[in-house]
Amino acid sequence: MAENKTQPTDVAPSAFLEGVPNSSRRRDGLALLALMEEVTGAPPVMWGPSMVGFGRYSYRYASGREGDALAVGFSPRSSALVLYGLTVAPEAAGLLERLGPHRTSVACLYVSSLAKVDMGVLEELIRVGYAHMTTTDFTVPPA
């Protein structure tokens with residue numbers, strides 16, 4: 001069975017973030033690092049070359065494929081901050097309505113700047129996302 005491509009690394013998240021070339025993304029990344037660590041109580045861990053994660057969850061498909069992934073986290077991409085694990089909790093939909101400018105995909109939340117969103121709402125999204133991702137059974141039943 002194939003191993004997940006994105007695995008935890010030994011790179012220090014703060015060192016990664018200090019090396020982000022875009023000063024706005026670097027500043028927002030460092031702010032997210034502090035906020036997510038405070039809200040989750042989990043230490044930050046680099047997942048692959050560009051994702052900062054907090055906590056982890058396990059999943060298993062009916063096929064037998066299983067793995068671990070970061071519970072919540074982010075990546076300071078050049079086009080936007082990409083936040084992971086914040087859109088799937090039952091409470092997320094109502095919170096996203098109050099967040100401010102953003103877009104979503106299946107499992108990602110995209111924000112252009114932390115200055116443009118409601119930080120109290122973002123904090124709550126992190127709180128409910130982390131709780132959901134670390135307490136839900138992610139066994140996918142057969143179709």
Side-chain angles (χ1 to χ4, degrees), residues 1-9 11-18 20 22-143:
M1 191 160 313
E3 187 174 291
N4 290 339
K5 291 180 184 179
T6 305
Q7 295 290 326
T9 73
V11 174
S14 57
F16 161 71
L17 292 169
E18 289 293 346
V20 171
N22 179 304
S23 62
S24 174
R25 291 282 182 268
R26 182 172 53 250
R27 182 180 59 250
D28 283 353
L30 291 167
L32 280 171
L33 178 73
L35 179 63
M36 287 188 164
E37 188 168 17
E38 179 183 326
V39 172
T40 67
V45 174
M46 288 299 300
W47 285 73
S50 63
M51 298 167 68
V52 179
F54 299 82
R56 66 173 58 205
Y57 73 97
S58 298
Y59 59 86
R60 180 180 178 88
Y61 290 98
S63 66
R65 184 173 191 271
E66 58 185 53
D68 291 326
L70 58 87
V72 297
F74 67 94
S75 182
R77 308 284 176 157
S78 59
S79 60
L81 294 164
V82 183
L83 295 100
Y84 307 101
L86 307 188
T87 63
V88 296
E91 306 91 333
L95 290 166
L96 288 168
E97 290 176 4
R98 300 183 2 239
L99 179 62
H102 70 279
R103 61 186 174 86
T104 59
S105 66
V106 174
C108 299
L109 170 63
Y110 301 88
V111 173
S112 64
S113 170
L114 292 183
K116 295 180 179 180
V117 299
D118 183 317
M119 292 302 289
V121 173
L122 181 58
E123 182 175 334
E124 190 60 17
L125 277 166
I126 296 166
R127 186 178 330 286
V128 300
Y130 184 77
H132 181 76
M133 297 303 291
T134 58
T135 60
T136 300
D137 179 9
F138 287 98
T139 301
V140 180

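All values reported here derive from a predicted model rather than from experimental measurement. Throughout, residue positions are numbered sequentially from 1 according to the sequence presented. Only this structure's heavy atoms are used, side chains among them; waters, hydrogens and symmetry mates stay out.
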Problem - Aromatic plane relationship, F138 with H132 - under 30° parallel, 30 to 60° tilted, over 60° perpendicular - result: perpendicular

> Are Y130 and V39 close enough that some pair of their side-chain heavy atoms sits under 4.5 Å apart?
Replying inline: no

Using atom types as modelled and distance alone, determine if a side-chain donor or acceptor of R60 lies under 3.5 Å from a backbone N or O of E66. no

Between L17 and G29 the two heavy atoms that sit nearest each other are CD1-O, 3.6 Å

Rounded to the nearest 0.5 Å, the CG atom of D137 sits from the OH atom of Y57 at a distance of 12.0 Å

Contact check, side chains of S78 and N22, non-hydrogen atoms, under 4.5 Å
no

Report yes if some heavy atom in the side chain of L83 is under 4.5 Å from a heavy atom in the side chain of L122; otherwise report no. yes

### Query
Distance-only, no hydrogens or angles: does the S75 side chain make a donor-acceptor pair with backbone N or O of S50 under 3.5 Å?
yes

Can you find a heavy atom in the side chain of F54 that is under 4.5 Å from one in the side chain of F74? yes

Test side chain to side chain contact (heavy atoms under 4.5 Å, CB included), reference V117, set V111, L109, L125, L81, output is V111

- Query: Does the R25 side chain pair with the main chain of S79, one donor and one acceptor, at a distance under 3.5 Å?
  - Reply: yes

task: Please tell me if the side chains of P76 and D28 come closer than 4.5 Å, counting only heavy atoms from C-beta onward.
output: no

- Give me the ring orientation class for Y61 and Y59: parallel if the planes are under 30° apart, tilted from 30 to 60°, perpendicular past 60°. perpendicular

To the nearest 0.5 Å, atom CZ of R127 lies from atom CG of L35 at 9.0 Å

Note to self: If you define the side chain from C-beta out and look only at heavy atoms, does anything of H102 sit under 4.5 Å from L96?
What the structure shows: yes

For M51 and V82, run side chain to side chain contact (heavy atoms under 4.5 Å, CB included): C-alpha distance rounded to whole Å, both residues' side-chain angles, the deciding distance at 0.1 Å, then the answer. CA-CA 9 Å; M51 298 167 68; V82 183; over 6 Å; no

